[in-house]
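Order of the sequence lines sets the chain letters (A, B, ...), proteins ahead of strands, with each chain counted from 1. Side-chain atoms are counted along with the backbone in the values below, which use heavy atoms only and exclude waters and symmetry mates.
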Amino acid sequence: MLCIIDFGMGNLRSINRKLRSVGISSEISSDTKVISSADMLILPGVGNFAKAMYNLNDLGLIELLNQKVIIERIPILGICLGMQLFTEYSEEGNCEGFGWVKGRTQKFSFESDNKNRVPHVGWNKVKTFDKSILMDGFDKDKRFYFTHSYHVVGDDPAAKFLKTDYGYEFDSVVEKDNLFAVQFHPEKSHFGGLKIISNFVNFHET
Amino acid sequence: MRPRIIPTLLLRDTYLVKGINFLEHKYVGDPINAVRIFSKMEVDELFFLDIDATNKGCITSLEFIKDIADECFMPFAVGGGIEDIYQVEDILKCGAEKVVINTSAYNNTDFISEASAVFGSQAIVVSVDVNFDGEKYNIHTNSGKVKRNRDLQLYIEEIEVKGAGEILLNSIHHDGLMNGFDTKLINNVSNLVNIPVIASGGCWKIQHIEEALNSTNIHSVSAASMFVFKGSRDGVLINYPSKRDLDILFERLS
């Protein structure tokens with residue numbers, strides 16, 4: 001069962017409905033029993049990093065997720081803030097994350113002559129994704145919807161990072177063993193964007 | 001990154017309408033059907049603004065927002081009548097990415113900081129309606145009905161300081177006239193802030209978009225008439241530039 005973890009950050013109903021339209025059934029839950037029995041997880045989320053970790057802790061999900069992801073090694077897909085939570089630390093709220101992927105999350109920061117605005121909002125590309133599991137089958141010109149002010153700076157030799165250019169290159173996709181994450185919103189990147197989630201589900205099934 | 005081109009759909013109850021200078025609204029169709037068509041056309045984003053909500057003291061029906069969310073395969077924002085963070089939460093829970101606040105932001109800018117602290121600035125769009133009276137730019141609220149007296153520049157700067165994610169800038173005096181954007185207003189506002197500014201008001205054809213993106217430093221534009229009428233205000237037809245037309249536009253702009 002694919003479980004979308006509900007920790008009070010963002011609209012999960014929309015992911016659940018969109019998945020149904022490509023034949024993937026999922027359950028939205030914050031219940032430790034339901035999450036314990038899941039064999040695939042999606043960690044979504046929009047909003048504040050520190051608040052997200054606070055909510056996860058409050059729901060008693062930190063230990064459980066560590067157990068599921070690190071010990072049981074079940075596949076997990078982080079989306080947007082969910083990706084950032086995989087890292088060791090975020091500047092947003094000066095807060096520790098799960099640390100499943102070595103690296104940190106920091107705010108976009110540009111030289112004063114740079115015209116890029118923050119947040120990074122809009123449709124952008126992912127660079128060179130050969131051999132990526134999530135990006136399999138996508139056209140290299142495919143654009144995805146991004147909306148974020150903070151981004152991941154990965155520092156993990158065991159992980160594969162893909163980049164997106166916004167003023168400079170930042171890590172927009174990460175794949176490491178059973179861990180997958182994207183900074184953009186596949187569930188909001190037109191019908192075709194849902195293929196990211198199909199690829200994730202197919203990885204589990206093969 | 002490519003500029004965003006965003007259809008704005010105006011709601012009156014659960015009907016789509018479009019006016020001129022914020023008046024003379026004409027029925028242009030069923031919103032859910034429009035969303036289906038825009039989804040197929042792979043538009044960048046959609047804005048839904050309920051033009052009666054503030055003056056009626058309510059927000060758009062949540063069931064209706066859920067219906068939109070089910071059909072919308074791209075991000076969308078909902079605005080109209082939002083006054084507190086519980087309403088923001090309700091709307092985001094229905095599946096909208098963002099809320100658009102206007103009158104309540106003007107009346108109390110702390111509402112912007114409160115909302116962006118809880119939901120993140122990316123979820124909070126502050127909309128500013130501006131009218132040119134022949135001498136100066138004035139801010140209006142309540143769907144354009146009420147002229148206010150705060151200084152535009154100071155207000156725009158305050159919106160950014162309070163943590164808005166984007167500004168939706170509408171020029172009432174260009175609205176529905178299909179003569180192009182007020183690029184002077186856009187520049188005045190856009191140069192004050194470092195958050196994205198979405199310009200709206202007067203866009204009718206792709207050349208207007210090109211003009212605005214060429215002569216200002218904004219990255220996004222919004223339009224209503226252009227995407228719901230074809231040929232004239234008599235011909236209602238949901239439309240959006242083709243991928244090819246957009247490729248040509250962005251090629252010329254780069």
Could you tell me which of [options] has the largest number of non-hydrogen atom pairs under 4.5 Å with chain A?
| options | answer |
| --- | --- |
| B:C72, B:A69, B:P75, B:G165 | B:P75 |
| B:G120, B:P3, B:G95 | B:G95 |
| B:H219, B:K66, B:K98, B:K40 | B:K66 |

In terms of heavy-atom contacts, B:P196 and A:P119 come closest through CG-O, 3.8 Å
Taking every heavy atom of A:N48 against every heavy atom of B:A117, the minimum-distance pair comes out as CB-O, 4.5 Å
Between B:S220 and A:R117, is the side-chain hydrogen bond (donor to acceptor under 3.5 Å, both in side chains) condition met? List the steps. CA-CA 12 Å; B:S220 304; A:R117 296 184 175 220; over 6 Å; no
Is it true that, when you exclude [X] itself, more than 12 heavy atoms of the residues, nucleotides or ligands shown sit nearer than 6.0 Å to its [atom1]?
| X | atom1 | result |
| --- | --- | --- |
| B:R252 | CZ | yes |
| A:K163 | NZ | yes |
| A:E96 | CD | no |
| A:F108 | CZ | yes |
| B:K93 | NZ | no |

Whatever's closer than 4.5 Å to a heavy atom in chain A on B:I195 counts as both
So, the part of B:R2 with a heavy atom under 4.5 Å from chain A: the answer is both
Side chain / backbone / both / neither for [X] at chain B, heavy atoms under 4.5 Å:
| X | value |
| --- | --- |
| A:Y145 | side chain |
| A:R20 | neither |
| A:S21 | side chain |
| A:L194 | side chain |
| A:N116 | backbone |

(Q) I'd like to know if the side chain of A:W123 and the backbone of B:M1 have a donor-acceptor N/O pair within less than 3.5 Å. (A) no
* Asked: Can any side-chain N or O of A:H190 pair as donor or acceptor with the backbone N or O of B:V43 at less than 3.5 Å?
  -> yes
Under 4.5 Å between any side-chain heavy atoms of A:V121 and B:E166, yes or no?
yes
Query raised in the report: Do A:S189 and B:F73 come within less than 4.5 Å of each other through their side chains, counting heavy atoms only?
Result: no
Rounding to 0.5 Å, atoms CZ (A:R13) and CG (B:D70) come to a distance of 4.5 Å
From the list B:E45, B:E97, B:E42, salt bridge (Lys or Arg N to Asp or Glu O under 4.0 Å) with A:K188 holds only for B:E97
